[in-house]
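Given the structure is predicted, the values throughout are model-derived calculations rather than measurements. Lettering follows sequence order; numbering is per chain, from 1.
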Protein chains: 2
Amino acid sequence: MKKLPGKTVERLSEYRRALLGSLADNRSYIFSHELAALLHITAVQVRRDLMLIGYGSVMRKGYDIRELIKTIGDIIDAPTGLNVAIIGMGNLGRAITGYFMGKRTKLNVVAAFDIDPQKVDKVVSGVKCYHFDNFKRLRSELDITIGVLTVPPDQGKAVTAQLVSYGIKGILNFTTVSLNVPENVYLEEFDMITSIEKVAYFVKENQ
Amino acid sequence: MKKLPGKTVERLSEYRRALLGSLADNRSYIFSHELAALLHITAVQVRRDLMLIGYGSVMRKGYDIRELIKTIGDIIDAPTGLNVAIIGMGNLGRAITGYFMGKRTKLNVVAAFDIDPQKVDKVVSGVKCYHFDNFKRLRSELDITIGVLTVPPDQGKAVTAQLVSYGIKGILNFTTVSLNVPENVYLEEFDMITSIEKVAYFVKENQ
DNA sequence: TTTTTACTGTTCATCAAATAACAAATATTA
DNA sequence: TAATATTTGTTATTTGATGAACAGTAAAAA
């Protein structure tokens, strides 16, 4: 399958979550315009995304929710699942760990790392925190491919260099520093301050 | 000034942060390609954004950092600043509150809200947590215009309805539910699960 | 002084994403 | 049965964002 646009991947993830919610409401089929309404987008957008992944519905009954959930999984999940580590077990690290609790996804948070003795060896939401000195060994033992970076900004660059050199393949960066990674490592950055400043700008402009 | 594209606003916020960093390094002028390198974008993109806000440099010396910081502030900040409240003082709420500590921005986190007696009346990073029952009163007393939503997903929709009805103008939503707000309220959504699933997809595809 | 070099501001071209348009398919109604 | 209504899959159009090209300008070098 051809590589999908990033935006489509994001929406597929959101579709799946919405669909799981609909299943919980004992629905079995859903129309494109209903799914669209759940995400506040247009029905065309939904149909176009599903076209890209080659999913077809039973005409006039809508999409089979269970089937669609499975199809989305086949596309965006790795067959065997991927293992994730939280790097930096401060408030944010704990928050993210908590988010994953109980969610049966193909992404497994298998470890957390920190250098603070207060945090090392503690277990949060079922995830054990190791000293970062053990990262190299545990990275390969536990087959960790994705790192969620939630360390203080001044440590962001140094820690990233280590993650990369020990073989991490994807990084989700929550620090406020902009990182440098090689071609073969996928990097997604999220900056809270920027997000709030953006909200503030549009609030100001709306008045 | 005409409303700027959302992407440009995001970059302006990032430029400013990078510029403040350069100031700290005792630099006074910066070239477009240098600023671009700090954000891993192209020099053209930088010049284009600055063109949009009508900022001109001293030719061949680069941009005056102090002046540019001020210009960006004039564009994206509200003249008097805006007040922000954190709704939900779990790990994520505390993390965000901490992010703002010590940053002299025009955005002031003036209050936090929760319903858990364990959290109410506690002070975190200089921000006091109130019971959400007081939101209506404090919203207007403290002139809160922006809410950062960090409550459990099942409460997202109900809490949002209240924020809106009591006059909030912008919401940054960190819950995993998709919210509905009226036209005049600006909504920015961020979904961690989606972000990590996106990283996972591109890690999988890169191999 | 003249030439070269180094940047900028702006226009033009390309690429990606979102929206609109519409033929095809099937259930429902008349 | 024929006509209508509903929903899909796909193509075409528009919009928006990014990247490339280039003329203009000032400092530095010759």
Please report, rounded to the nearest Å, how far the [atom2] atom of [N] is from the [atom1] atom of [X].
{"X": "Leu39(B)", "N": "dT18(D)", "atom1": "CG", "atom2": "C1'", "answer": "15 Å"}
{"X": "Leu68(A)", "N": "dT8(D)", "atom1": "CG", "atom2": "P", "answer": "11 Å"}
{"X": "Tyr63(A)", "N": "dT7(D)", "atom1": "OH", "atom2": "C1'", "answer": "8 Å"}
{"X": "Leu4(B)", "N": "dG16(D)", "atom1": "CG", "atom2": "C1'", "answer": "14 Å"}
{"X": "Leu35(B)", "N": "dT8(C)", "atom1": "CG", "atom2": "C1'", "answer": "14 Å"}
{"X": "Phe31(B)", "N": "dT8(C)", "atom1": "CZ", "atom2": "P", "answer": "7 Å"}
{"X": "Glu10(B)", "N": "dG16(D)", "atom1": "CD", "atom2": "P", "answer": "16 Å"}
{"X": "Leu52(A)", "N": "dG9(D)", "atom1": "CG", "atom2": "C1'", "answer": "11 Å"}

Can you check whether Ser32(B) has a side-chain N or O nearer than 4.0 Å to OP1 or OP2 of dC7(C)?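 Looking at the OP1 and OP2 atoms of dC7(C), neither is under 4.0 Å from any side-chain N or O of Ser32(B).
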Between the side chains of Lys136(A) and Tyr166(A), is a donor N or O closer than 3.5 angstrom to an acceptor N or O?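 No, no side-chain donor-acceptor contact under 3.5 Å.
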Any side chain to side chain donor-acceptor pair (under 3.5 Å) involving residues 152-165 of chain B? Give me the pairs, sequence neighbours left out, ordered by first then second residue.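 Output for this query is empty, none listed.
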Name all residues meeting the salt bridge (Lys or Arg N to Asp or Glu O under 4.0 Å) criterion together with Asp143(B); count only those two or more places apart in sequence or in a different chain, and write none if there are none.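 If we apply the salt bridge (Lys or Arg N to Asp or Glu O under 4.0 Å) test to Asp143(B), skipping adjacent residues, there are no hits.
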Using a 4.0 Å heavy-atom cut-off, write out nucleotides 12-23 of chain C from 5' to 3' as B (base contacted by protein), S (sugar-phosphate only) or - (no contact). B----SBBB---
So Tyr29(A), base contact, sugar-phosphate only, or nothing? Heavy-atom distance under 4.0 Å.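 Result for Tyr29(A) = nothing.
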Applying ring pair (Phe, Tyr, Trp, His ring centres under 6.0 Å) as the test, list every pair that has at least one member in residues 142-165 of chain A; sequence neighbours left out.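 Found none.
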For residues 62-69 of chain B, dump all side-chain donor-acceptor pairs below 3.5 Å to protein atoms at least two apart in sequence or in another chain.
unit_1   : atom_1 : unit_2   : atom_2 : d
Asp64(B) : OD1    : Arg66(B) : N      : 3.1
Asp64(B) : OD1    : Glu67(B) : N      : 3.1
Glu67(B) : OE1    : Tyr55(B) : OH     : 3.2

List for me each residue that meets side chain to side chain contact (heavy atoms under 4.5 Å, CB included) alongside Ala37(B), sequence neighbours excluded, and say none if there are none.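 Testing Ala37(B) for side chain to side chain contact (heavy atoms under 4.5 Å, CB included), a comparison that skips the adjacent residues, returns none.
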